[in-house]
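Following: one structure in structure tokens, then a few remarks.
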Amino acid sequence: MRVLTWIYALLALALCTWLVLTWRDAARAEPRTMLEAARRSISGPLVDSKRGMRELAAALDAAEKAEDLPLVEEILVTRARLLKSSGGLTQARADIERVLTHLRPNSPGLEALLAAIDLEAGDIDSALARANAVLVKDRNQAEAWGVKAEALLALAEQNVQNARRRAGLSLAEAGLDAADLLMRRIAAREPTDPDRARSIDELYAAFPASEKHRAREVLQDLDEAGRLLAEVPMALAESFRGPVRRDTAQAYLQVLRDAGETELAVDFGLGVSRLSALSTYPAFLRQLMRTLVDAGRLKAAAEIVDPALGKKAGPDADFFQDWAETLYRAESWPVLPHAANLLRAAGDPDQRSISNFYLGLGQARLGVHEQAQIALDRYLHRGTVEPFPGATVVAWQTLSEVERALNKSDAELGALRRRLMLAPESGPHVADAWLRRAEIAAATSGADPLNTLEYLAQALRLAPLRNAELEPRWRELGRALAEAQHIDI
């Protein structure tokens, strides 16, 4: 026991010695060195905000003792930016107000930062007022422009929500969702746009005669929202000279979509997607993909996402599902299996089922038949979840093609039967499925020729534009059947 006691005593002494030396080294360290250490803690791949805050506090204390006022300012601003991003808004505001009061009065850059802190705190009116005041002094303050753009969008949305609440009871029977879309289009379009005038007439007509006064109140809210939104494009464009506010760009893209301004949304989205901050921002890219799909620009939609994005930004499973669907619709087969594998790794059980669908389709189109067969079999026999209506039919159709490529005739016939049982008159390549069924039947010894004739007739009926190709085969089979039955035709 005595030996253990000595060991514990020596360990305690060593720990105390280390603490004393550490404190002494910290006390002797230059405040500038301490600030740089804090910056390393709050940046880079391994961010340690708590450690960074402790180091900033120590650096501030050392700088104040050294009466190094420029360094005190630099530390306070650095700490305020860190606090702003981590939710410590009260202390962040106090730090910037201290700098503005005692160290750098009337600094447009710091006043813009204070406006950004107000915006983060939800004080939108104050943020907009501060940003406008900054821009009166200095129109080159990109952060102030960004705050202004985001505040305008937020206030416009408040007005749209006010209009929605006013219209709620009056338009409940007509359908509030449709009215909401109509109101957003009114708010987002220019006052001189004829489509806006038509939308106003449509909205006004939807109100009962006794509620027309409420319609006028709704339109007042929408006019105010429109006035605010009209200022957004310039503010947003000016803000891009500084750090990009990604959520603001995404929100404006949504405004354009809501307005039905699809081409404007496409032009804006593609234009700003070249900015590095947005080219790796999954939420914005997802919105842009949907916009491009709505515009029928499938090839562009498939190309805006860097296949390496999964390693750069860590999108969620919903992003990967939208990406996979976009690639499928664009027939971008080389990238589809990659997106499907990312979806399978990130998704829940339903999304893992969907990933097997896209994986199998992509591999089948690339000619990787063995792997496609495994993925499609897994999709069709392990809790099938359709990413879109009719996906199961597509899967059985594709599986039949894969089995044919693998020379598995029984499996091919089984897949064809399931495909045609689910959708005998619809779905992709339905006529080809009936034609293939006829070919298999014709090649099968002892098969009833009437069945073969029926399958061909179905193909002929469902693909009338292919009469020149299919009718001779149908007639030939009919003659063969008549001869076999000794019927004179």
Does atom CG of D348 have more than 12 heavy-atom neighbours, drawn from other residues, nucleotides or ligands, at distances under 6.0 Å?
yes
Are the charged groups of K84 and E143 less than 4.0 angstrom apart, N to O?
no
Test side chain to side chain contact (heavy atoms under 4.5 Å, CB included) applied to K408 - qualifying residues, sequence neighbours left out
Q373, E403, L406, A411
Mind checking what makes ring-ring contact (aromatic ring centres under 6.0 Å, His included) contact with F268, not counting sequence neighbours?
Y252
Can you list every pair that meets side-chain hydrogen bond (donor to acceptor under 3.5 Å, both in side chains) and has a residue in residues 234-248, with sequence neighbours left out?
N140-R241, E150-R245, E150-T248, E238-R241, D247-Y281
Once ring-ring contact (aromatic ring centres under 6.0 Å, His included) is applied, do any residues pair with Y328, and if so which ones, sequence neighbours excluded?
F357, Y358, F388
Please check this pair: side chain of K212 against backbone of F207, looking for a donor-acceptor N/O pair closer than 3.5 Å.
yes
Is there a side-chain contact between L366 and L336 (heavy atoms, below 4.5 Å)?
no
Return the set of residues passing side chain to side chain contact (heavy atoms under 4.5 Å, CB included) with E224 (not counting sequence neighbours), or none when no residue passes.
N159, R227, L228
What pairs with E412 under salt bridge (Lys or Arg N to Asp or Glu O under 4.0 Å), at least two apart in sequence or on another chain?
R436
So, using ring-ring contact (aromatic ring centres under 6.0 Å, His included) as the criterion, who are the partners of H213 when residues are at least two apart?
none
R365: what forms a salt bridge (Lys or Arg N to Asp or Glu O under 4.0 Å) with it, not counting sequence neighbours?
E401
For E157 and R164, run salt bridge (Lys or Arg N to Asp or Glu O under 4.0 Å): C-alpha distance rounded to whole Å, both residues' side-chain angles, the deciding distance at 0.1 Å, then the answer.
CA-CA 10 Å; E157 179 62 22; R164 198 173 192 276; over 6 Å; no
Is the number of heavy atoms from other residues, nucleotides or ligands under 6.0 Å of E190 CD greater than 12?
no
Any donor-acceptor pair under 3.5 Å from W434 side chain to A457 backbone:
no
Thinking salt bridges, do D258 and R185 make one under a 4.0 Å N-O criterion?
no
So, do T280 and D306 sit near enough that their side-chain heavy atoms are less than 4.5 Å apart?
no
Could you give me the CA-CA distance, side-chain angles and deciding distance for W396 and H429, then say whether ring pair (Phe, Tyr, Trp, His ring centres under 6.0 Å) is met?
CA-CA 11 Å; W396 280 115; H429 309 295; over 10 Å; no
Partners meeting side chain to side chain contact (heavy atoms under 4.5 Å, CB included) with D223 (sequence neighbours left out):
R196
For L342, what residues pass the side chain to side chain contact (heavy atoms under 4.5 Å, CB included) criterion, not counting sequence neighbours?
F320, W323, H338
Residues passing the salt bridge (Lys or Arg N to Asp or Glu O under 4.0 Å) test with R257, sequence neighbours excluded, are D294
Test: E303 and K299 ion pair at under 4.0 Å:
yes
Can you give the donor-acceptor pairs under 3.5 Å from side chains of residues 419-427 to other protein atoms, not counting sequence neighbours?
unit_1 : atom_1 : unit_2 : atom_2 : d
R419   : NE     : Q397   : OE1    : 2.7
R419   : NH1    : A423   : O      : 2.8
R419   : NH1    : S426   : O      : 3.3
R419   : NH2    : S426   : O      : 3.0
R419   : NH2    : P428   : O      : 3.0
E425   : OE2    : R461   : NH2    : 2.9

